Amino acid sequence: MKTLSQTKSRGWRRSWSFVAATTGATIGLGNLWKFSYLAGENGGAAFIIVYLVCILLVAMPVMIAEIVLGSRGRSNPITTVQDVSLEAGVSTWWQGIGWFGCLAGLLVLSYYSVIAGWSFAYISKLFAGDFDATSAQLAGDQFNAFLAEPQSMLEWQGLFLLIIFLTIAVGIRRGIGLLARLLMPLLFVTLIALAVYSSQVGDFQAAVNFMFTPDFSSLTRQGVLAALGHAFFTLSIGVGAMIAYGAYVPDKRSITSMVSVVVVADTLVSLLAGLAIFPLVFSLNIAPAMGPGLMFVAVPYGFGNMIYGNYYGALFFLMVSLAAITSGVALMEPATSWLSERLRWWRPVAALMVVAIVWLLGLASVFSFNEWKGISIAGMSIFSALDFFTANILLPAGGLLTAIFVGWKMRREVLRDELYVEGRVLFSLWYWVLRYIAAPGVLVVFLSSFLKEWV
Ligand code: PHE
């Protein structure tokens, strides 16, 4: 009998293409914008250590599980989980993982597109020299003035979504490959240059202490939850994206090796972004815990005071925007591929539909910075509540379901069939960690953060 993956075959032929596309999906605003502000809010090194442990023991095994699932089903996340559950002889209700992922992805994209829009806007602001010889205070004031006015935020967010729509309408294989391949090396070089520059003009020692000398007393339960949530967010898991990308995994290649390259690249970019941002933060006395605006105040200040800084700064925000595009595509792919494969909608129409929904949902985030500033949900603005709810609850919950499904419901031989290139020990190690550490780990963090609130 033919296995599922033999009957439906599509995919990249080279590991490098798959790695480039997946790196594009994982490296994005999460690394460049969110990692540093979360580390800043949660006390630095202790948060970073917990985050790295979560990456290694929870998020990475789940990422491999998602790709294995995608590689088995070779379809959109919903159909994939449905087919694989039939093959495993378990309830097709498990396809809920796919539904859950598609919806969570759209919710994330609704606010992700707003931040990507900020980044687009900052390309033109820096290029125009708006921050030349600025002070930290002025950079902060300019950022606040930008947030106060919804019109231009809406336009930039719209432009971002239009670009995502065009890329995804063409299909991720063609649309993303080239972009990711050019962008990632450039991003590394730019970040290294920025980190070197900011180590010279900023307080590098304070930044290194903050990022690498842990003080665990500064880490709360909520901080641990945020570290776990961010591990999922940064590796793009829990929203079905890696199931969708797994459908294109090349045959006869080691999935674990490809994932390792992606995880290392993703982690390095986050740490480099931190090393670029924190020296400026500390030399300027900006509060590291200032929140989502951190990158948009510290970086323009840094470039604004550098010779030709307006060009370099524009280039930096161009990189951030391009990285956001390749991630935005990954957020949209699950829902788009379902509409086009299952309902047989023409792919551009499916993409347009999804983008329209995201744009509408995104209005709430845009207005939460100005017109609807007064509305609060559990003490947070609509934007922060969406960010908290998706990253800290939906993504880990989606990842948990995937870990249970792949680790406990799929047959071991089937998994071995997909991971046949890896050695026996490596396979068993992954399988064991997925079953006994990743899945229970998410539960423990959930229970310890929420029981305390509820009991
Ligand atoms: N990992 C992406 C980032 O760091 C965000 C993302 C989350 C993309 C979930 C796809 C799915 O920016």
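As the structure is a computational prediction, the values presented were derived from the model and not from experiment. Numbering of ligands and ligand atoms starts at 1, following listing order.
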*Measure T26 to ligand 1 on non-hydrogen atoms and call it side chain, backbone, both or neither using the 4.0 Å cut-off.*
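Answer for T26: backbone.
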_Please classify the A25 to ligand 1 contact at 4.0 Å (heavy-atom distances, strictly less than): side chain, backbone, both or neither._
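Looking at A25 and ligand 1, just backbone atoms fall under 4.0 Å.
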*asked:* Please determine whether the number of non-hydrogen atoms from other residues, nucleotides or ligands lying under 6.0 Å from atom CE of M380 exceeds 12.
replied: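 Yes, because the 6.0 Å sphere around CE of M380 holds more than 12 heavy atoms from other groups.
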*Donor on one side chain, acceptor on other, S119 and S321, under 3.5 Å*: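 Present: a donor and an acceptor within the cut-off.
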*Specify whether Y436 and W408 have parallel, tilted or perpendicular ring planes, treating 30° as the upper limit for parallel and 60° as the lower limit for perpendicular.*
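Geometry flag for W408 against Y436: perpendicular rings.
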*State whether R72 and E66 are salt-bridged, where the test is any N-O pair (Lys NZ or Arg NE/NH1/NH2 against Asp/Glu carboxylate O) under 4.0 Å.*
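Salt bridge between R72 and E66, a charged N being under 4.0 Å from a carboxylate O: no.
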*With the threshold set at 4.0 Å, does a side-chain nitrogen-carboxylate oxygen contact exist between R342 and D83?*
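Salt bridge absent between R342 and D83.
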_Residue selection (non-hydrogen contact nearest atom 12 (O) of ligand 1) among F233, F232, Y112_ =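 Closest candidate by heavy-atom distance is Y112.
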Which of the atoms of ligand 1 are close to [X], meaning less than 4.0 Å from one of its heavy atoms?
X: L29; value: 12 (O)
X: N31; value: 4 (O)
X: V239; value: 9 (C), 11 (C)

*Which residue holds the protein heavy atom closest to atom 11 (C) of ligand 1, what is that atom called, and what is the gap in Å?*
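That would be L331 CD2, 3.3 Å.
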*Nearest protein heavy-atom contact for atom 6 (C) of ligand 1: which residue, which atom, what distance?*
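Checking every protein heavy atom, the shortest distance to atom 6 (C) of ligand 1 gives S236 OG, 3.6 Å.
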_Considering all heavy atoms, the nearest S15-M258 contact_ =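 The answer is CB-SD, 3.5 Å.
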